[in-house]
Trainee: 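What follows is a structure written as structure tokens; I'll ask about it next.
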Protein chains: 2
Amino acid sequence: MAVAALEEEMRIGELAARTGVSVRALRYYEEQSLLGAERGPGGQRHYPEGAVGRVRLIQQLYAAGLSSRTIVELLPCVVDGQATPALLKRLAAERERVDQRIAELAQARDRLDSVITAATGSMLTGASCRRAADT
Amino acid sequence: MAVAALEEEMRIGELAARTGVSVRALRYYEEQSLLGAERGPGGQRHYPEGAVGRVRLIQQLYAAGLSSRTIVELLPCVVDGQATPALLKRLAAERERVDQRIAELAQARDRLDSVITAATGSMLTGASCRRAADT
DNA sequence: CTTGCCTCTGACGTCAACGTCAGGTTCTAG
DNA sequence: CTAGAACCTGACGTTGACGTCAGAGGCAAG
């Protein structure tokens with residue numbers, strides 16, 4: 001087994017282990033041009049240390065609900081700071097989308113809360129309470 | 001054309017129009033047992049006024065990231081207030097999930113913000129700024 | 001009665017982000 | 001040198017919430 005902690009490069013399995021995403025996902029990222037990789041003489045992928053952060057970033061953007069197509073458009077901007085006004089608009093738009101989504105979720109959560117409260121109450125009283133809140 | 005505003009019932013097209021979801025989606029909801037419908041003599045679906053709120057509720061739960069299978073399990077509880085302890089646990093768990101998702105999104109949004117800030121700065125200075133923040 | 005819109009039931013298509021399997025190659029420990 | 005782990009490239013499968021199309025029937029207006 002090779003020493004990994006001090007190495008500069010790693011193969012796909014280690015990157016997967018260190019990021020928590022599957023090997024398949026990493027290859028998919030490459031296919032989508034989200035993540036580059038150098039190839040050894042045997043055709044195997046080699047990643048630098050920085051790939052770990054890159055993958056985490058990708059994951060975060062996915063978590064933000066961005067599609068891979070969107071991410072691939074915005075990544076150069078994010079990584080290199082090379083932002084055109086158009087890209088900045090896009091970024092701001094995505095940010096807005098995320099904010100709206102958060103608001104949506106918060107509303108849904110509140111709805112769940114009221115449902116839980118109502119249901120808990122009905123259980124305690126043994127009553128069959130009808131609708132509690134609308135919209 | 002029939003007067004609709006004062007009618008008690010409506011057909012699928014009107015329900016779709018009033019809720020903003022597609023006719024196909026409404027039929028899908030019925031298929032998933034999320035939304036009942038009475039049938040006229042010609043086999044057409046007729047919905048009461050309350051269906052509007054019901055559909056909105058379903059939409060909110062979808063927006064909360066719940067699957068239709070989950071929703072169909074929880075809907076009796078939500079609508080009728082008939083909650084078993086098991087259902088309450090399920091509701092609470094879903095609420096937790098939503099909260100976690102919100103936190104995730106907030107983090108992603110902050111990340112986007114920092115990216116935007118950095119990119120804007122680099123544009124203003126004309127510099128090629130490298131990575132600004134990690135994780 | 002007919003025209004035209006609305007509705008019906010299947011049933012296949014879609015899209016994203018991978019999972020999974022097959023068949024072959026490369027690397028590494030012993 | 002050799003076994004076995006890790007890796008490679010296709011390529012098909014999966015899942016959820018619908019979209020879309022085809023062919024047939026229902027409903028109100030003129």
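As a basis for the values below, the full set of heavy atoms in this structure was taken, side chains included, without hydrogen atoms, waters or symmetry mates. Throughout, a chain's letter reflects where its sequence line sits, starting with A, and its residues are numbered from 1.
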Trainee: Could you state the atom-to-atom distance from CZ of A:Arg24 to P of D:dC12 in whole Å?
Mentor: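 A:Arg24 atom CZ is separated from D:dC12 atom P by 13 Å.
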Trainee: Between A:Gln44 (CD) and C:dC27 (P), how many Å, whole number?
Mentor: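 To the nearest whole Å, that distance equals 5 Å.
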Trainee: Once you round it to whole Å, what is the distance between P of D:dC7 and CD of A:Glu30?
Mentor: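 In whole Å, D:dC7 P and A:Glu30 CD are 14 Å from each other.
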Trainee: Does OP1 or OP2 of D:dG19 have a side-chain N or O of B:Ser22 closer than 4.0 Å?
Mentor: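 Indeed, a polar side-chain atom of B:Ser22 lies that close.
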Trainee: Provide, to the nearest angstrom, the distance between the CG atom belonging to B:Leu26 and the C1' atom belonging to D:dT20.
Mentor: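 So the two atoms are 16 Å apart, to the nearest Å.
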Trainee: Tell me the interatomic distance from A:Glu31, atom CD, to D:dA11, atom P, rounded to whole angstroms.
Mentor: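 Rounding to the nearest Å, CD of A:Glu31 and P of D:dA11 are 12 Å apart.
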Trainee: What verdict does the side-chain contact (heavy atoms from CB on, under 4.5 Å) test give for B:Asp99 and B:Ile102, after you've listed the backbone C-alpha separation in whole Å, the side-chain angles of each residue and the deciding distance to 0.1 Å?
Mentor: CA-CA 5 Å; B:Asp99 249 11; B:Ile102 288 178; 4.3 Å; yes
Trainee: I need the OH-P distance between A:Tyr28 and D:dA11, as an integer number of Å.
Mentor: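 Checked: the OH to P distance equals 18 Å.
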Trainee: Quick one: B:Gln59 CD to D:dC18 C1', roughly how many Å, whole number?
Mentor: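 One finds 11 Å between C1' of D:dC18 and CD of B:Gln59, rounded.
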Trainee: Can A:Arg11 and A:Glu14 be said to form a salt bridge (charged side-chain N to carboxylate O under 4.0 Å, His left out), step by step?
Mentor: CA-CA 6 Å; A:Arg11 292 187 303 176; A:Glu14 192 184 338; over 6 Å; no
Trainee: Consider side-chain contact (heavy atoms from CB on, under 4.5 Å). Of A:Leu35, A:Val52, A:Leu75, which one does A:Leu57 pass it with?
Mentor: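 Passing option: A:Leu75.
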Trainee: To the nearest angstrom, how far is B:Ile12 atom CD1 from C:dC8 atom C1'?
Mentor: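 Taking atom C1' of C:dC8 as the reference, CD1 of B:Ile12 is at 9 Å.
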Trainee: Does a salt bridge link A:Arg45 with A:Glu38, judged by any charged N lying under 4.0 Å from a carboxylate O?
Mentor: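 Not counted as a salt bridge, because no side-chain N and carboxylate O are separated by less than 4.0 Å.
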Trainee: Is the side chain of A:Arg101 donor-acceptor paired with the backbone N or O of B:Ala63 at a distance under 3.5 Å, no angle test?
Mentor: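 Present.
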Trainee: Closer than 4.0 Å, any side-chain N/O of A:Arg45 to the OP1 or OP2 of C:dC27?
Mentor: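 Indeed not, no polar side-chain atom of A:Arg45 lies that close.
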Trainee: Look at the side chain of A:Pro41 and decide which nucleotide, out of C:dC27, C:dT9, D:dC8, has an atom nearest to it.
Mentor: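 Nearest nucleotide to the side chain: C:dC27.
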Trainee: For B:Gly42 and for B:Tyr62, find the nucleotide of DNA chain D with the closest heavy atom, then tell me which residue's nucleotide is more 5'.
Mentor: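 Its nucleotide being nearer the 5' end, the pick is B:Tyr62.
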Trainee: Would you say C:dA17 has OP1 or OP2 under 4.0 Å from some side-chain N or O of A:Ser68?
Mentor: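 It does, given that an N or O in the side chain of A:Ser68 lies less than 4.0 Å from OP1 or OP2 of C:dA17.
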Trainee: Please work out if B:Arg69 contacts a base, only the sugar-phosphate, or nothing of the nucleic acid, heavy-atom cut-off 4.0 Å.
Mentor: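 Nothing, no nucleic acid heavy atom in range.
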Trainee: Identify which nucleotide among C:dT9, C:dT26, C:dC18 has an atom closest to any side-chain atom of B:Arg27, counting heavy atoms from C-beta outward.
Mentor: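 Among the listed nucleotides, the one closest to the side chain of B:Arg27 is C:dT9.
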